[in-house]
2 protein chains.
Amino acid sequence: MSVQPNYFEQFQHVDIDDLADAIGEVLENPITIEDADHKLIAYSSHGESTDPARWSTIMGRRVPEKVLTRLWKEGIFQRLLTEDRPVHIPAFDDVGLGKRVAIAIRKGEEVLGYIWAQEVNRPISTEDDEILRQAARAAVARLVQRQGKRKAEEQRRKDFFWELLLGNPASEAQIRRKAESLHMILPQPFQICIIDAPNGQLDRYFYPFIMREKLMSVSDGTQLILLMGKISPQPIDSEALHQSTEQFLRELLEKWEQRGDAGKLLAGYGQAYSSYQEMGRSYREALQVIKLKRLFEAETAQIYGYHDLGIYRYLLQLKRWSEADGYQNVRLQRLKRYDRDNQSNLLETLETYLDAAGKVNSTAQRLHIHINTLSYRLRRIEEIMQVDLDNQNQRTALYLDLKADKLGKEQ
Amino acid sequence: MSVQPNYFEQFQHVDIDDLADAIGEVLENPITIEDADHKLIAYSSHGESTDPARWSTIMGRRVPEKVLTRLWKEGIFQRLLTEDRPVHIPAFDDVGLGKRVAIAIRKGEEVLGYIWAQEVNRPISTEDDEILRQAARAAVARLVQRQGKRKAEEQRRKDFFWELLLGNPASEAQIRRKAESLHMILPQPFQICIIDAPNGQLDRYFYPFIMREKLMSVSDGTQLILLMGKISPQPIDSEALHQSTEQFLRELLEKWEQRGDAGKLLAGYGQAYSSYQEMGRSYREALQVIKLKRLFEAETAQIYGYHDLGIYRYLLQLKRWSEADGYQNVRLQRLKRYDRDNQSNLLETLETYLDAAGKVNSTAQRLHIHINTLSYRLRRIEEIMQVDLDNQNQRTALYLDLKADKLGKEQ
DNA sequence: CTTCCATTTGTGGATTTTCACAAATGACCT
DNA sequence: AGGTCATTTGTGAAAATCCACAAATGGAAG
């Protein structure tokens, strides 16, 4: 059975439930229409044959959480959000989800919602794809209308988020009230995460990830700022939050690597706080991480959290102090002079050794030299610098000055 | 042969050379009179029997350097400066010094010069002591006169030194001119060393040391400030200067320990500079060392030079910065909480381990625990703090935060 | 009282580090 | 060419570290 083009156009100005019924009649299967947040908008009323997933969706006026997470995990939503065509979905019996076909309702790039067609009375073939496409097109107008209000509120939410990020003259109670009035559920504890992409198109690319985590987000063009936190029944502690953020970033970066299109993706997050007055602080911390990851690319490659910055949290400041009072590490300069005079590279040896936390084996491996060569060089370094590498104080100061010195060159 | 009291009084207003002759006649031996700086003032003219040391002294109008250093080393001057009686000195043939007796010429506490009586024609016994005592008393007036001019200049030198220490609006050339006009030989390179004694009597105590090194010095009551440097023909480098200062302080502190009278002696020195405009800087650095030695008594016990401060150079500022920022090392706090909750002392274990530069053996010894206990504790620490002690960055940051945290408690 | 659990200490073997000594290399100087 | 010197690599033995497993201890909870 085929349908002439623009068949569903007649439903444009009718109730959206009627549109669902019309699609259902054509495809001879139960239909569900949801918005972008998976809230139920409409469903076809004919026929009782349905699966637990659809049943729960209708009863709860929203797609059940476990079904959603399953679909995210299977990559279904990723496809729906990026592909224009209907997506054919196998059954996932463990979450009560029967076989079905879905298509995103989009206006331009933006996804407004989804149409779900269950395959229960008859299979839905690729020949039906065009029908779903037309149905999606017909649904746009209604969803746009609906979206209008939500968008306005969303904009106000984002403005509020920026307010929290940039300044914080408001009291904790005021913040809570305003959040409530905007239907915004603030997680506790939370942390700010920044994703910095070289090209400007980060919004579209990361949309699936953000959707999946239902994160509050704003973007200033090059940086995407996320409010990380879990709005789960049982509250999680900061440690767990850190780990979940790490996990999130790992997946995101992995995906980015797979694309491998262009440039380096930088990401960082601030510490976890429970008071919303500290959102600005977490934001500034995340910014600091991004800044330091640019300055110490190799050293901070595995670092994303402000609390994991270690000495790099201090280095800029240390460098500034040292410059302000004209301090120079004389020993370091002696070594550098020696390197210059003898075309050697003891500085690199020293740095590698310190980076390796004094493990001679791994140092030698990294430098591709014999272990005895390393030990000889270290002895020379101790002689030239008049330093005792077994003295933790001297060693630490050396490590700091060395890294700070590197910074000078790179700036 | 004995002499009536005040025998030498008649020589009070006569030429000091006549006094020397008179003493020589009474003791039947060659006499030499020197000022506090060992410059020759007078000598008896009878009899040719003398030793190379006296001969050189008369010819050079000053006691030869090698004789002086030998006498300092043997502790002769130390005795002369502290004892009121004549000191009987054995022969030191290797520097051409025959057997002799010497006495300090003093006015109150201050030593103005020395009378030397060689023992060549007849031995000088303790019975002659009174003669020398009287002779010394008779010499005072002449030396005071002589000293008058020198003291005035010395005072102007000290004023100039303070000027250099505290401010430096003058140009290098101006400084040199003024130093020259005050007959002051400025060493190059130099460094400022401060000795801080709890009681006020440091001047007298350290006088021998300062005299020996011929150092420029001023005191502000509790602190003795020294200009360290060698005015040797061939210039020495900063490295050698550091070592000589270390050596100087080691000896001085050892002497102080031996006395063991009261309180702790603090000493520190700034970096070596060649430009006199930087004298203030070296002074401030030395002050900083003293300050930090008070704050980190155990940790900086072996540190005297500013260039050896290591992380302690940063720590105060770092601490202040972190506080201003409201930063807290969450991991450290977790460990402290654990210690509180379980009456354990993992923090001490961690600190000792870090101080020992990660050597398990010496850590276990210092803590008096089995090495496996240590390894177990370290594993627990890594678990509790969620830290990787093999990661140099984390480890260093931990070390810094831990020491800074300690500071907080002590202040 | 027993049981549980964190902690401490002991044992033994694999691995790594440290150190001393020797030989080879190669740059630089005479 | 020969010699000097810093550097690299090799060998081997002693010392230190790491790791897994087991047993003892001792306090807290049931």
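The structure presented is a predicted model; accordingly, all values stated were derived computationally and were not measured. Chain letters run A, B, ... following the sequence lines, proteins first, then strands; residues in each count from 1. All values below were derived from every heavy atom in this structure, side-chain atoms included, with hydrogens, water molecules and symmetry-related copies excluded.
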Exercise. Within the structure, does a side-chain N or O atom of Arg380(A) lie under 4.0 Å from either OP1 or OP2 of dA6(D)?
Worked result: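 Checking dA6(D) against Arg380(A), no side-chain N or O comes under 4.0 Å of OP1 or OP2.
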For this session: Taking the six-membered ring of Tyr304(B) (Phe, Tyr or Trp), confirm whether the NZ or CZ of Lys293(B) is under 6.0 Å from its centre and within 45° of its axis.
Result: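 So Lys293(B) does make the cation-pi contact.
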Rounded off to whole Å, could you give me the [atom1]-to-[atom2] distance for the [X] and [N] pair?
X         : N       : atom1 : atom2 : value
Asp341(A) : dT7(D)  : CG    : P     : 12 Å
Arg379(B) : dC19(D) : CZ    : C1'   : 8 Å
Gln343(A) : dT7(D)  : CD    : P     : 11 Å
Tyr376(B) : dG26(D) : OH    : C1'   : 13 Å
Ile369(B) : dT25(D) : CD1   : P     : 19 Å
His370(A) : dA6(D)  : NE2   : C1'   : 18 Å

For this session: Using the closest heavy atom to pick a nucleotide of DNA chain D for each, name whichever of Leu346(A) or Ile371(B) lands nearer the 5' end.
Result: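 Nearest nucleotide further toward 5': that of Leu346(A).
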Exercise. Under the ring pair (Phe, Tyr, Trp, His ring centres under 6.0 Å) criterion, do Tyr314(B) and Tyr314(A) qualify, and how do the steps go?
Worked result: CA-CA 10 Å; Tyr314(B) 295 126; Tyr314(A) 295 127; 9.3 Å; no
Exercise. If you look only at pairs with a residue in residues 385-401 of chain A, which of them pass as a salt bridge (charged side-chain N to carboxylate O under 4.0 Å, His left out), with sequence neighbours excluded?
Worked result: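 Output for this query lists Asp390(A)-Lys359(B).
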Exercise. Quick one: how far along DNA chain C does chain B reach, first to last nucleotide 5' to 3', anything under 4.0 Å to a heavy atom?
Worked result: dA6(C) to dT18(C)
Problem set entry | Considering all heavy atoms, the nearest Leu315(A)-Leu400(A) contact | CD2-O, 3.7 Å
For this session: Without swapping roles, check the side chain of Arg377(B) against the backbone of Thr349(B) for a donor-acceptor pair under 3.5 Å.
Result: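 Side chain of Arg377(B) to backbone of Thr349(B): no pair is present.
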Exercise. Which is true for Asn361(B) with a 4.0 Å heavy-atom rule: it touches a base, it touches only sugar-phosphate, or it touches nothing?
Worked result: sugar-phosphate
Exercise. Going by atom types alone, do Gln333(B) and Gln328(B) pair a side-chain donor with an acceptor below 3.5 Å?
Worked result: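 Note: Gln333(B) and Gln328(B) side chains meet the donor-acceptor criterion.
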Problem set entry | Lys359(A) or Asn372(A), whichever maps to the more 5' nucleotide of DNA chain C |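 Of the two residues, Lys359(A) wins.
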